[in-house]
Every structure is written in C-alpha cells, then in structure tokens.
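Working notes, structure below.
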There are 2 protein chains.
Amino acid sequence: MAMTENRPQTRIQREKREIILEAALDVFSSHGFRGATIDQIAEAAGMSKPNLLYYFKTKEAIFETLIHGLLDMWLDPLKAMDESGDAIVELRSYIRRKIEMARDFPRASRLFANEMLQGAPRIMPMLESELKPLVDEKAKVLKSWMRAGKLKPADPYHLIFSIWATTQHYADFDIQVRTVLGPDRGGDGRFEDAARFLEQLFLEGLRPTP
Amino acid sequence: MAMTENRPQTRIQREKREIILEAALDVFSSHGFRGATIDQIAEAAGMSKPNLLYYFKTKEAIFETLIHGLLDMWLDPLKAMDESGDAIVELRSYIRRKIEMARDFPRASRLFANEMLQGAPRIMPMLESELKPLVDEKAKVLKSWMRAGKLKPADPYHLIFSIWATTQHYADFDIQVRTVLGPDRGGDGRFEDAARFLEQLFLEGLRPTP
DNA sequence: CTCATTTTTGACCGGTTGGACAAAGCCTAG
DNA sequence: CTAGGCTTTGTCCAACCGGTCAAAAATGAG
C-alpha cells in the first residue's frame, strides 16, 4: 500500500481527519483555542479521545491544520477582485461575496475572530506572509481606480477593513444581530437586507443629495 | 460600622473589588471566559487566589459584575444620539464617539466580542432588556430623520450594525489592523485615519460624483 | 483462512483548575 | 491593652485537562 499518496496515507485516514476537522471547527469557533477541549472535539466527531489523538498528535496540530485550510478560502473573495474589471462592479461583488461567506461559513469567521481577539498568537506568521501582501496588492488596485476617477479618493486600507468589519459582523455577532432584529426581521432575510444596505452605504453613503 | 452603605460594605472592600475588576478585564478580554483562570486574575490584581475569592464568590460573579458595569458605558454613545439635533452632525459624532471608545477602551470591546462569539450565554438577558429597546428607540430616530429628508432612506438597524462593526473592528481586530498597516502606518494615527475614512464612507460613499 | 498492519479503546498519569476551609494576621472601637 | 470582627493565606480537594501506552479489535492482502 501507501502508493497512491505517502503523506495523508490511507483513504480512511483522510476521511477521519476530515470528520475531526469539521468537529474541531464547531468547537474551536465557539470556545476559542484554550476554551476548547479535546474531549469536546472527540465527542463531536463521534470517537474516543485516544482515537482522535491517533489522527492528530496534539490539540495544536488540529488547530493549525484547520486554520491553514480555511485561510485560503477566507481570502478568496479579496483575491478575486480584478483590476481589469469595472471598479464599482468589482467593489459591489466583493461586498456580496464577503457577506455570502459570512452567511455560509460563519464558523470560519468566528474561528478567525477568536484568534484575533487573543492577539493572533498562532496565526501571526500567516498574517504577515499571506494576508498583508495580498492586502497591499489590492490596496494598490483600489488606489489606481481612485486615481482613474472610478472611485472617490479614500484610504484603501481602511476601505478593506470596513468591508471586512461590516460583513463579518453578521457571522461573528450573529447572536446580537438576531436578538436586536427580533424574531420577525431576524430571519433568513437578514443577510439579503444587509447586502442591500451595505451596497448603498459603500457606494452612495447617507448624506441626502439636495 | 456598616452604616455608610450596607451592600458593598467597607471602603477597602470597594477598592479591592475595583482592583480585581480591572485585572479581570485584562484577563477576560484577552482569553475569554473559559480561557481565563482565577489564578491569572489574582496575580494581575496582586493578591492570592483565596483572597480574591473572598471578594467575589465565583469566577462567574467577577465576570457578571464586570460586564454589567461596562455595558452602560459601552452604550453611552448611542444613548447620546439626540433626535432634536441635526441628523448629519449627530451621525458624525456618534461615529466619532464610537471610534474613540474603541481607541480608549479596547479591552471592553474585546470582552463583549468574546462573549458574542460564544453565543452570549452570560449576557443574553441584558441584550434583550437593555440593548434591544435602546436600538429600537434609536432606529426610530434614524427613521424619522430619513422621512424628514435629513438622511437617505436606509435600514436603520443595519446602519447601526455597520457603525458598531466598523468602529469596534479597530479594537477587536487591532492586531490584524496593525499587522496589515505595518509599522509606519499602524502607529497611533490609525484611529484618526479610520475616523476620517469612516466619516466619508457613511456620509458620501465611494461612487464618484460625475 | 492467516497474519501483519491499521484502527480503536480503557486505563492511567502528571499538571491545572475552580473552589472550600480553617487558621492566622490585622485593624479598630472601647 | 484587648476583644471582635475584617482580611489574608497555606493547604487541600475533586474534577478536568492534554497526552501516553499497551492491549484489544478490525481490516485487508496473499
């Protein structure tokens, strides 16, 4: 055996590791790294603790594998912002994509949020090696659009921050959003309402045109 | 004794409880409830664990007292939004006040963020009894401004969410903001830059005026 | 079927955690 | 000074934590 692949080994190992990572996302995202326990993850994955530790040597190893796999997906919408496209269209679809990610992958958002709140002790290297260069690149793209008169001049970094903040808010503070909106307005439609509002906010602002 | 007050008792008790709460804010805000330990708080407060437990019966009691005391301060900027004032001025100063709070009280922001991420298990009652009614009230104020043509029509709830999100982002994701901005642009000026950007964003948006 | 390899588990370990408790120190009113 | 209450601490405990280990069970190639 061990001919198809030599690192992740057998098919069953790949499957079990996937189940564990899915369970770990549940637990880590809602309790943070330190607040999560291996027992919780093992129970959520439907296996015993020693069995889980057969697939991942340590708690850190689970976390690291998990967050590595999620970061690329998480940065995809920003990567997709295309300099050769129309500025307004690109900005609008970036916002759209980000709020769709908050809707479809809220646990990933909360996982990152938890890590950031604690000072990013485990993902700082990835922030510097992957996130920062990507943001620098896209900030240049935004700047070039602004110079070309396609967007109003503004700080591109804070623009990106504000898109992150407003969209991820609906994942990270979901409980607060639903509590404030109440049972009627806090249903599934809230993401669509948010998308509409944010589109207007980022493009038109709130000052009335006289 | 015990004549001046009968609940918080002696002066020394009030002082020590204050020291403990200050230390607890440090520890809870950076590790979350479960990640924080009584030992850490006791050490940060400069006293032994049994001594700390003499002033607060349980870890939960510390947390509850802390978050109760902070919520009012945290909601102050929104409370101050005055219906009889000018809509644009009021909106602008709300944003300003919120970002000043993120700058001056980042630990309080992170404490709330940590709690929200975990589904607000400990402060849900306060969200319903204090936060929701306040937001409902201010949403009506915003709506009335919009009807009067002082602001563009928009969803007032999502407007409030987006102000929370963008401002608190600079406290909650401080490490990410500073990493992305780098040593030069990530200095003390970042809050002023953010305030300027957000003011433009909320009032004017980014679509260029032809 | 056979047997080596992979997978699963119960028992266990040292360290940490939230909290209890009693004894000791300290302060101050009389 | 001294007695009574307030404050502080060392010690202890049961539960929990991350992780180990050896042995048992399941698997699958020949």
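Per chain, numbering begins at 1; letters A, B, ... match sequence-line order.
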Could you give the [atom1]-to-[atom2] distance, from [X] to [N], as a whole number of Å?
X	N	atom1	atom2	answer
D39(B)	dT9(D)	CG	C1'	13 Å
L52(A)	dG10(C)	CG	C1'	16 Å
M47(A)	dT8(C)	CE	C1'	10 Å
I38(B)	dT16(C)	CD1	P	16 Å
F33(B)	dT17(C)	CZ	C1'	12 Å
I41(B)	dG19(C)	CD1	C1'	13 Å
E60(A)	dG19(D)	CD	C1'	12 Å
E43(B)	dT8(D)	CD	P	17 Å

Inset, instruction - Flag the pair F197(B) / L159(A) as yes when at least one side-chain heavy-atom distance between them is below 4.5 Å, and no otherwise. - result: yes
Taking only N and O in the side chain of [X], is any of them less than 4.0 Å away from OP1 or OP2 of [N]?
X	N	result
N51(A)	dT9(C)	yes
Y54(B)	dT8(D)	no
Q13(A)	dT7(C)	yes
R34(A)	dT16(C)	no

Inset, instruction - Please round to the nearest 0.5 Å and tell me the distance separating atom CG of D172(B) and atom CZ of F112(B). - result: 11.0 Å
Inset, instruction - Describe, in one word, how the ring planes of W164(A) and H169(B) are oriented to each other, choosing from parallel (under 30°), tilted (30 to 60°) and perpendicular (over 60°). - result: tilted
Legend entry - Side-chain (R178(A)) to main-chain (P183(A)) donor-acceptor, under 3.5 angstrom: no
Legend entry - Closest non-hydrogen atom pair, G85(B) against W145(B): O-NE1, 4.0 Å
Base, sugar-phosphate alone, or nothing: which one does [X] contact when heavy atoms must sit under 4.0 Å apart?
X	value
L53(B)	base
A61(B)	nothing
A42(A)	nothing
Y55(B)	sugar-phosphate
K16(A)	sugar-phosphate

Legend entry - Which residue lies more 5' along DNA chain D, comparing Q40(A) with K57(A) via nearest heavy atoms: Q40(A)
Inset, instruction - Kindly determine whether S84(A) and D82(A) satisfy side chain to side chain donor-acceptor pair (under 3.5 Å), including the steps that lead there. - result: CA-CA 5 Å; S84(A) 66; D82(A) 180 13; 2.9 Å; yes
Inset, instruction - Report yes or no: is there a donor-acceptor pair, N or O only, under 3.5 Å between the side chain of K49(A) and the base of dG18(D)? - result: yes
Inset, instruction - Between dT9(C), dT9(D), dG18(C), spot the one nearest the side chain of T37(B), thanks. - result: dG18(C)
Legend entry - Nearest-nucleotide pick for P50(A), side chain only, options being dG18(C), dG10(D), dG10(C): dG10(C)
